[in-house]
Amino acid sequence: MNTFESLGLNSALLRAIIEIGYKEPTPVQAEAIPLLIQENIDVISLAQTGTGKTAAFGLPMLEKITPTANGRPQALVLSPTRELCIQIAGELEKFSKYLKVEIVPVYGGASINTQIRRLKQGVDIIVATPGRLMDLMERDVVSLDEIKIVVLDEADEMLSMGFKEDIDAILSQTPSNRLTWLFSATMPEEIRRITKTYMKNPRQISVAGGGQVNENIEHIYHLIDGRDRIKVLTRVLDYYPDIYAIVFCQTKIETQQVADRLIDHGYPAGSLHGDMSQAQREQTMNAFRKRAITILVATDVAARGIDVEDVTHVIHYHLPDDLESFTHRSGRTARAGKKGTSIALVSKNELHRLRTLEKIIKRKIQYAKVPSGMEVCTHQMQYLINRITSEEVNPLAVEEFRPMLDELLEKYHPRDLVERIFSMEFNRLLEMYRNAPDLNVNPEKNGKAYDDTVPSTGGLRRWYINVGIKDGMYWQDVKDFLKEKGNLGRNDVTGVETLSSFSTFKCTEEVARRIQKGLQGFTLQGRKIFIKEDTKKDFSPRKPERDSRDKRRSQML
Ligand SMILES: Nc1ncnc2c1ncn2[C@@H]1O[C@H](COP(=O)(O)OP(=O)(O)OP(=O)(O)O)[C@@H](O)[C@H]1O
C-alpha cells in the first residue's frame with residue numbers, strides 16, 4: 001500500500017494531511033507527488049474528476065518552494081473561475097498549516113485594494129484568475145520574476161473563456177526555466193495545444209486504472225419532450241429523497257430561469273452564473289455547502305472544478321454544447337471515492353449526441369424511465385418508512401413526554417395515528433401526483449426527433465429570425481413563439497433550427513407575412529425582433545454557423 005510517508009513529503013506537510021483525514025494517497029497523488037518533488041520537469045497529468053488533483057500538485061509545490069524574506073511569489077496557480085481560486089487557495093492553506101507560507105488568492109469581483117494590500121505584505125503562492133492577475137501586473141504590484149512553478153488548472157476552460165492572450169502575457173513575465181504543471185480530467189484538443197505552447201518536453205503521467213472513467217458515477221438518461229423539461233426536472237427532484245444536486249444549464253439566462261422556477265415551486269434552490277456579483281456567488285456557494293440550499297442550478301463555467309462533498313446527483317438539464325464538459329459536470333458527484341448519479345434529460349434530437357458522449361466517456365449511459373407520479377409517491381413513502389423504523393428511540397426524551405404520548409395513544413388507535421402521519425407528509429405530494437401525466441417519450445412513436453411536421457400548404461421558403469438559445473429559447477420555444485405571433489396552426493411553421501443567436505424555419509410567404517404583422521413593434525430586452533427570408537436556396541440541414549467560441553462562452557459563463 002502506498003502511504004503519504006513514502007512519497008517524500010516533509011513532516012509538516014504529513015502532519016497537516018493526517019489532520020485533514022487523508023489516509024492514503026489517491027493514484028494520481030501516488031504517481032505525481034514523488035515525481036514532481038524529485039525531478040524538475042514539466043508534467044501533464046490526466047486523472048478522473050474528484051481524485052485529488054489539487055493535492056497532487058499542491059503538496060509537491062509546497063515541498064519545493066522555500067519562502068524567502070523578500071516576499072516575492074515563487075509559485076503561481078492559474079485557474080478559470082473565482083470559485084476555483086478560492087477553493088484551491090483554501091486547500092493549499094490547509095496543507096500548509098504547519099509551514100510559514102503566504103498564499104494569496106486574487107480574482108475578479110472582489111476588492112482589488114484588499115488584494116493589493118495582501119500582496120504587498122509578501123506572498124509565496126498566488127492563486128489567480130488570469131484577468132485579475134493581469135490587472136495587478138499592470139499596476140506593478142506583483143512581480144513574477146521569481147516564479148519557479150506554474151500550475152495551469154482547468155487550462156482548456158481558461159482558453160475557452162478567451163484568456164489566451166492574458167495567459168501568454170502572464171507566462172512571458174515568468175522565468176523561462178520555470179516548471180509548468182498541467183492537471184486535467186479530460187484531454188480536449190485545446191490541452192494538446194497548451195502543451196505545445198506553454199510546456200517544455202512535458203512528461204505525461206497516466207494513472208493506472210485512471211483515464212477519464214470514474215466508475216463511481218452511474219450514468220442514466222431520460223428521454224423526454226423538450227417542452228416538458230422543467231416538469232421532468234421537478235419530478236426527478238421529488239423522486240429522490242434527500243437529493244443534493246447540481247443542475248447544469250447551457251446559458252446564464254436559462255440557469256436563472258430554471259432556478260427561479262424551482263424557487264417559485266418551493267424547492268431549496270439557488271443559481272450560480274457569471275451575471276451574478278461576486279458576493280452573490282459566494283453567498284450561494286456557502287448556502288449550498290451548508291445545505292441551506294440543496295439544489296444548485298449552474299452554468300458549466302461557474303461550476304467547473306468545484307468540490308462540494310457528497311453531491312448525490314448531477315442533472316444535465318440540457319446536454320452541453322461542448323461534450324467534454326459532460327465529464328467535468330458529472331464529476332461534481334462521486335468525489336473522493338464516493339458514489340453518485342448523473343442524469344441527462346435528453347430530447348430525441350439530442351439522442352445522437354448522447355451516443356457520441358458514450359464514446360467520449362467510454363461508458364454506457366443507461367436509459368431510465370421518468371418516474372411516474374405514483375412511483376414518486378411510493379419511493380418517498382418507502383423512504384419515510386425506513387426513516388421511522390430505523391430511528392433510534394431516545395428513552396430520556398420519551399420518558400420526559402411520556403404522559404403526553406400516553407394520552408395520544410389512549411385517544412387514538414395506532415392505525416389512526418400512522419394514517420395521520422402519512423397524510424401530514426403526503427397530502428401535498430399526492431395532490432400533485434395523483435393525476436400526473438406520463439412524461440416519457442417513446443423513441444419509436446410520439447416524440448419527435450426534430451421539428452418534422454408537415455406544413456399545410458406548399459411554396460415553402462426558409463426564414464431567419466433573430467432569437468436563439470442565448471435568449472433562453474430552444475426550437476420548441478421558437479416554434480411556439482412564431483405560432484403565437486402569427487396566430488398560426490400547428491403545421492404552418494416547420495424545420496425550426498435554433499442556434500446561439502438566431503434561428504431558421506420554413507413556412508410559406510403568406511404565413512411569414514402573418515408572423516411579420518404579429519411582430520410589429522415587438523421587442524425582446526430592448527431588441528427589435530424580426531424575420532427575413534434566408535436566401536440560402538436549399539433546405540438541407542445547415543451546418544451551424546458557429547459563433548466565435550468566446551462569444552458563445554460569454555453567454556454560458
Ligand atoms: N488522499 C485523499 N484521501 C481522501 N480524500 C482526498 C484525498 N485527496 C483528495 N481528497 C479529497 O477529494 C476531493 C476531490 O479533490 P480535488 O478537488 O482535488 O479533485 P480534482 O481531481 O481536482 O477534481 P476535478 O477534476 O473535478 O476538479 C476533495 O474534497 C479532497 O479533499
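Side chains included, hydrogens not; waters and symmetry mates left out as well; all remaining heavy atoms used. All ligand and atom numbering here is 1-based and tracks the order in the structure.
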Checklist entry - So, Y267 and D238: side-chain donor and acceptor under 3.5 Å apart, yes or no? => result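 Checked: Y267/D238 side chains pair up, N/O donor to acceptor below 3.5 Å.
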Report task. Answer yes if the side chains of D168 and Y198 hold a donor-acceptor pair under 3.5 Å, and no otherwise. Result -> yes
By side chain to side chain contact (heavy atoms under 4.5 Å, CB included), S172 pairs with (sequence neighbours left out) none
Tell me the residues surrounding ligand 1, counting only those with a heavy atom closer than 4.0 angstrom, sorted by chain and number.
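Contacts of ligand 1 under 4.0 Å: F4, Y22, E24, P25, T26, Q29, Q48, T49, G50, T51, G52, K53, T54, E91, E154, G305, D307, R332, R335, A336.
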The complete set of salt bridge (Lys or Arg N to Asp or Glu O under 4.0 Å) pairs with one or both residues in residues 327-341, sequence neighbours excluded, reads D300-R329, D307-R335, E309-K338, D310-K338
Discussion item. Ring centroids only, cut at 6.0 angstrom: are Y244 and H313 within range, meaning strictly under it?
Written reply: no
ring-ring contact (aromatic ring centres under 6.0 Å, His included) filter on Y239, not counting sequence neighbours, yields H379
